[in-house]
Participant: 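Provided herewith is a single structure, encoded as C-alpha cells, for subsequent inquiry.
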Amino acid sequence: MFLGGQLNIEENNAIMTSVRPEKVAEMYDVTGELGLYLIFDNQLHFGYWGENNPDANLGEAADRLTQIMIDKSEIRQGERFCDLGCGVGVPAIRIAKAKECFVDGITISKYQYNRGKELAEEAGMSDRVHFIQSNALQVPCDDATYDGGWFFESIYHMGHRKALREAYRILKPGATLLIADLITGPNTSEEFKMFAKEQLHSDHIPKEDYPELFDTAGFDLIEIDDVTEFMMPFMVPKVKAGFKQYEAENLQYVQSETIDGWLQVFESVCENLGYILVKAKKRVYP
Ligand SMILES: C[S@@+](CC[C@H](N)C(=O)[O-])C[C@H]1O[C@@H](n2cnc3c(N)ncnc32)[C@H](O)[C@@H]1O
C-alpha cells in the first residue's frame, strides 16, 4: 500500500536514496491520523477481485486477499505467528481468529501500534494478538521463535534481502513464510522506481529475483502466484469510489488536492507494478 504525498515524478528524477524506516513510520502515522485508512476498512493492502466478488468495494476486496493469505498459511492452533509490517492489525486479528493461533504484529508506526491495540481490544482478541512497535529488521525476540509469518505488502519498505535474513532468524526450521508483494515488470519506468523510492519509501524488485533471494536466505520456494490481473486493473475505480464514500464525512478536513494526490499515486502504482503472492519454507538442514 502506498500512502505517500503528492506525485511529482520529475522533481524526484535526480534523487536516489535507500528506504529509511523513520520516513516509513512518518508516512503511515500522518496518513493514519488523516483518516485515509478508512477507505480500506483498515486493511492496508490492495484488493483482490475474482469471479466471486467482482462488485466488492475496496475493503471487501482487501478482506478477500487476507482470506487468500490465511488459506495459504499453514499455521495451527496454539502456534505463534509473526506479522511483519502489520498495519493496524486487521489481518493479524483475522488470522488469529481463523487459525486460533497467537500473533505478534510488528509495525514501525506509532499510530498503527496504538490503533492496532485498540482494534484487538474491540475484537476481544488482545489475549492472542500483541503489537510491537519495532523495526521488522530487528524483531525483539529470540532466534527460531515463530511457527509461521508473513510480510503482507510490507517487504518493499524494508529491503528484501535484509528482511528475509531477519525472517530466517526468527522463524523455526520448516516454518512457512508468505509474502504479498508489489513487483516491477516490463511496464515499470525508471522514473516511477525513483519516485517510489523517494516519495513512497519503497524499493520494488521483479518476481524473477525471488528464487535467488530465497535460496540465499535459506528458504525453499514453494510457489509464486502472479495475481496482477485480479488486482491492479480494479484498484483505481475502487479507490475513487472509496474516497467518494468517505470524503463528505470522515475526510472533510483533508484538502481535495491531497486526495487528488493520493489518487494519482494509486494510478501510477497500478500502471507500473504487478502483484504476487509468494510462499516459501525455512529450509530444514539434515
Ligand atoms: C502497506 S502497509 C501493510 C499493512 C498490513 N500488512 C496490512 O495488510 O494491513 C505496510 C506496513 O509495513 C510496515 N513497515 C514498513 N517498514 C517497516 C519496518 N522496517 N519495520 C516494521 N514495520 C514496517 C508499516 O508500518 C505498515 O504497517
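Atoms within each ligand, like the ligands themselves, are counted from 1 in listed order. Values reported hereafter were calculated over all heavy atoms of this structure, with side chains retained and with hydrogens, waters and symmetry mates removed. In what follows, residues are counted from 1 in the order of the sequence shown.
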Participant: Using a plain distance cutoff, I'd like to know if Gly87 has any nitrogen or oxygen under 3.5 Å from a nitrogen or oxygen of ligand 1.
Facilitator: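 Yes, there is a polar N/O contact under 3.5 Å.
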
Participant: Which ligand 1 atoms are under 4.0 Å away from a heavy-atom of Ser134?
Facilitator: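 Near Ser134, the atoms of ligand 1 are 20 (N), 21 (C).
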
Participant: Decide whether the shortest distance between a heavy atom of Thr107 and an atom of ligand 1 is less than 4.0 Å.
Facilitator: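 Right, Thr107 reaches ligand 1.
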
Participant: What are the two closest non-hydrogen atoms of Ala163 and Ile155, and how far apart are they?
Facilitator: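 Minimum heavy-atom contact is CB-CG1, 3.7 Å.
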
Participant: Indicate, as side chain, backbone, both or neither, the part of Tyr156 found under 4.0 angstrom from ligand 1 when only non-hydrogen atoms are considered.
Facilitator: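 Under 4.0 Å from ligand 1, Tyr156 contributes side-chain atoms alone.
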
Participant: Just jot down the ligand 1 atoms closer than 4.0 angstrom to any heavy atom of Val24, in number order.
Facilitator: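 Those atoms are 15 (C), 16 (N).
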
Participant: Find all atoms of ligand 1 within a distance of less than 4.0 Å from any non-hydrogen atom belonging to Asn135, and give their numbers and elements.
Facilitator: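 Selected atoms, number and element: 18 (C), 19 (N), 20 (N).
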
Participant: Do NZ/NE/NH1/NH2 and the carboxylate oxygens of Lys197 and Asp203 come within less than 4.0 Å?
Facilitator: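 Yes, this pair counts.
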
Participant: In plain terms, say whether Glu74 and Lys279 are close enough for a salt bridge, that is, a side-chain N and a carboxylate O under 4.0 Å apart.
Facilitator: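 Salt bridge flag = yes for Lys279 with Glu74.
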
Participant: Which bit of Gln43 is near ligand 1, meaning a heavy atom under 4.0 Å away: side chain, backbone, both or neither?
Facilitator: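 For Gln43, only backbone atoms sit under 4.0 Å from ligand 1.
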
Participant: For Phe152, take its heavy atoms, then give the atoms of ligand 1 lying under 4.0 Å from any of them.
Facilitator: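 So the answer, numbered in order with elements, is 3 (C), 5 (C), 6 (N), 8 (O).
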
Participant: For the pair Asp83 and Val129, evaluate side chain to side chain contact (heavy atoms under 4.5 Å, CB included) and give the outcome as yes or no after the intermediate values.
Facilitator: CA-CA 10 Å; Asp83 185 340; Val129 182; over 6 Å; no

Participant: With a cut-off of 4.0 Å, which atoms of ligand 1 are near a heavy atom of His157?
Facilitator: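 With His157 as reference, the close atoms of ligand 1 come out as 10 (C), 15 (C), 16 (N).
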
Participant: Just jot down the ligand 1 atoms closer than 4.0 angstrom to any heavy atom of His45, in number order.
Facilitator: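 Here the atoms of ligand 1 in question are 7 (C), 8 (O), 9 (O).
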
Participant: Can you measure from CG (Leu182) to OG (Ser154) and round to the nearest 0.5 angstrom?
Facilitator: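 One gets 10.5 Å once the value is rounded to the nearest 0.5 Å.
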
Participant: Parallel, tilted or perpendicular for His204 and Tyr156, by the 30°/60° rule?
Facilitator: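 Tilted: the ring planes of His204 and Tyr156 meet at 30° to 60°.
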
Participant: Is any side-chain N of the basic residue among Asp220 and Lys281 closer than 4.0 Å to the acidic one's carboxylate O?
Facilitator: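 No, no charged N to carboxylate O under 4.0 Å.
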
Participant: Ion pair present between Lys207 and Asp181, side-chain N to carboxylate O less than 4.0 angstrom?
Facilitator: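 So Lys207 does not pair with Asp181 through a salt bridge.
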
Participant: Look at the rings of Trp150 and Phe152 and say which category their plane angle falls in: under 30° parallel, 30 to 60° tilted, over 60° perpendicular.
Facilitator: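 Perpendicular, since the angle between the ring planes exceeds 60°.
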
Participant: Tell me the nearest of Pro21, Pro91, Gly85 to atom 5 (C) of ligand 1, using heavy-atom distances.
Facilitator: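 Of the listed residues, Gly85 has the closest heavy atom.
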
Participant: For ligand 1, which part of Cys86 has a heavy atom less than 4.0 Å away: the side chain, the backbone, both, or neither?
Facilitator: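 Looking at Cys86 and ligand 1, just backbone atoms fall under 4.0 Å.
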
Participant: Distance under 4.0 Å to a non-hydrogen atom of Glu153: what atoms of ligand 1 satisfy this?
Facilitator: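 Per the distance check, 1 (C), 2 (S), 3 (C), 10 (C).
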
